[in-house]
Amino acid sequence: MRTVIQTPKAPPAVGPYSQAIRAGGFLFLSGQIALDPVTGQVVGGGIEAQTEQVMRNLSAVLSAGGSSLDQVVKCTVYLKNLEDFAKVNAVYSRFFPKNPPARSTVEISRLPRNSSIEIDVIAEAE
């Protein structure tokens with residue numbers, strides 16, 4: 001069985017995709033960029049503020065799907081500038097203080113809405 005997960009507490013999809021899909025005991029979240037769900041704009045304040053917003057967006061979608069950051073098993077981080085790696089890690093580690101999930105990080109040339117970071121996750125779902 002496949003269930004679409006949507007929440008107004010995270011930005012709506014900016015294309016033909018769902019915020020998340022629950023299937024086979026897992027939640028598969030689409031990538032979240034640093035959009036403020038209220039204004040629909042990319043947050044200012046540099047990579048730290050953008051990473052914080054991405055993590056809040058992911059947390060909101062996970063919660064809507066009956067999961068949480070504690071149940072994340074895999075993350076993929078997409079960065080426009082790999083030199084931001086240490087700054088991103090400083091924020092990211094606050095959201096995964098114990099037993100962090102598996103993770104890949106890649107540098108890419110461009111992200112939607114000119115965001116500096118995007119993260120997608122796979123999590124266990126109840």
Side-chain angles (χ1 to χ4, degrees):
M1 187 164 153
R2 182 178 175 270
T3 305
V4 173
I5 306 299
Q6 292 288 125
T7 179
K9 294 181 180 180
V14 295
Y17 58 88
S18 300
Q19 288 175 328
I21 298 290
R22 181 198 316 261
F26 289 92
L27 279 177
F28 299 86
L29 274 66
S30 294
Q32 287 288 323
I33 58 174
L35 290 179
D36 180 310
V38 174
T39 67
Q41 300 299 312
V42 173
V43 298
I47 192 65
E48 293 97 338
Q50 286 198 12
T51 304
E52 180 90 23
Q53 185 64 54
V54 167
M55 297 305 295
R56 284 195 300 256
N57 292 345
L58 290 167
S59 183
V61 177
L62 287 164
S63 179
S67 190
S68 70
L69 289 170
D70 290 339
Q71 293 174 275
V72 171
V73 295
K74 174 72 167 84
C75 292
T76 304
V77 179
Y78 306 91
L79 292 175
K80 276 180 38 178
N81 186 348
L82 207 51
E83 290 184 18
D84 289 332
F85 189 75
K87 292 177 184 177
V88 168
N89 277 340
V91 175
Y92 178 95
S93 65
R94 291 196 326 257
F95 289 88
F96 297 111
K98 296 188 313 186
N99 304 317
R103 185 179 96 179
S104 300
T105 302
V106 295
E107 183 179 56
I108 59 167
S109 63
R110 193 165 179 202
L111 287 165
R113 307 286 292 276
N114 208 29
S115 182
S116 295
I117 184 170
E118 180 172 354
I119 301 176
D120 63 51
V121 304
I122 300 170
E124 295 174 308
E126 302 192 12

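The figures here come from the full heavy-atom set of this structure, side chains too, leaving out hydrogens, waters and symmetry mates. In what follows, residues are counted from 1 in the order of the sequence shown.
Residues Ile119 and Val77 are in side-chain contact: their nearest non-hydrogen atoms beyond the backbone lie under 4.5 Å apart. Two residues are said to be in side-chain contact when any heavy atoms from C-beta on lie closer than 4.5 Å; Glu48 and Val91 meet this criterion. For the pair Ile21 and Thr3, the minimum side-chain heavy-atom distance is 4.5 Å or more. Within the 4.5 Å cutoff, the side chain of Lys87 has no heavy atoms near those of the Thr51 side chain. Contact annotation: the side chain of Ile5 never approaches that of Leu62 to less than 4.5 Å [non-hydrogen atoms, C-beta and beyond]. Between Tyr92 and Arg103, the closest side-chain pair of non-hydrogen atoms falls below 4.5 Å.
A side-chain donor-acceptor contact under 3.5 Å links Ser67 to the backbone of Glu124. Proximity of a side-chain donor or acceptor of Arg22 to a complementary backbone N or O of Gly65 within less than 3.5 Å is detected. With hydrogens and angles ignored, the 3.5 Å screen pairs no side-chain donor or acceptor of Ser59 with any backbone N or O of Met55. Not a single donor-acceptor pair under 3.5 Å links the side chain of Asn57 to the backbone N or O of Pro11.
Listed here is the closest heavy atom pair of Ser18 and Ser30: O-OG, 2.6 Å. Closest of all the heavy-atom pairs between Tyr78 and Leu111 is O-CD1, 3.8 Å. Of all heavy-atom pairs between Val54 and Ala34, the closest is CG2-N, 3.6 Å. Nearest heavy-atom pair across Ser115 and Gln50 is OG-OE1, 3.4 Å. Considering every non-hydrogen atom in both Phe26 and Ile122, the closest pair reads CD2-CG2, 4.0 Å. When all heavy atoms of Leu58 and Gln32 are compared, the pair lying nearest together is CD2-CG, 3.6 Å.
Legend: residues meeting salt bridge (Lys or Arg N to Asp or Glu O under 4.0 Å) with Arg56, ordered by chain and number and at least two apart, are Glu52.
The 12-atom threshold is exceeded at NZ of Lys80, counting heavy atoms of other residues, nucleotides or ligands nearer than 6.0 Å.
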* To do: Let me see the working for Leu29 and Asp120 under side chain to side chain contact (heavy atoms under 4.5 Å, CB included), right down to the final yes or no.
  => CA-CA 6 Å; Leu29 274 66; Asp120 63 51; 5.5 Å; no
* To do: Under the side chain to side chain contact (heavy atoms under 4.5 Å, CB included) rule, what do Val121 and Leu27 come out as? Steps first, then yes or no, please.
  => CA-CA 8 Å; Val121 304; Leu27 279 177; over 6 Å; no
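With rounding to the nearest 0.5 Å, the separation of CD1 in Ile47 from CG in Asn81 is 8.5 Å.
Looking only at atom types and distance, the side chain of Lys74 has a donor-acceptor partner in the side chain of Ser104 under 3.5 Å away.
Just one of Ile117, Ile108, Val106 meets the side-chain contact (heavy atoms from CB on, under 4.5 Å) condition when paired with Leu79; it is Ile117.
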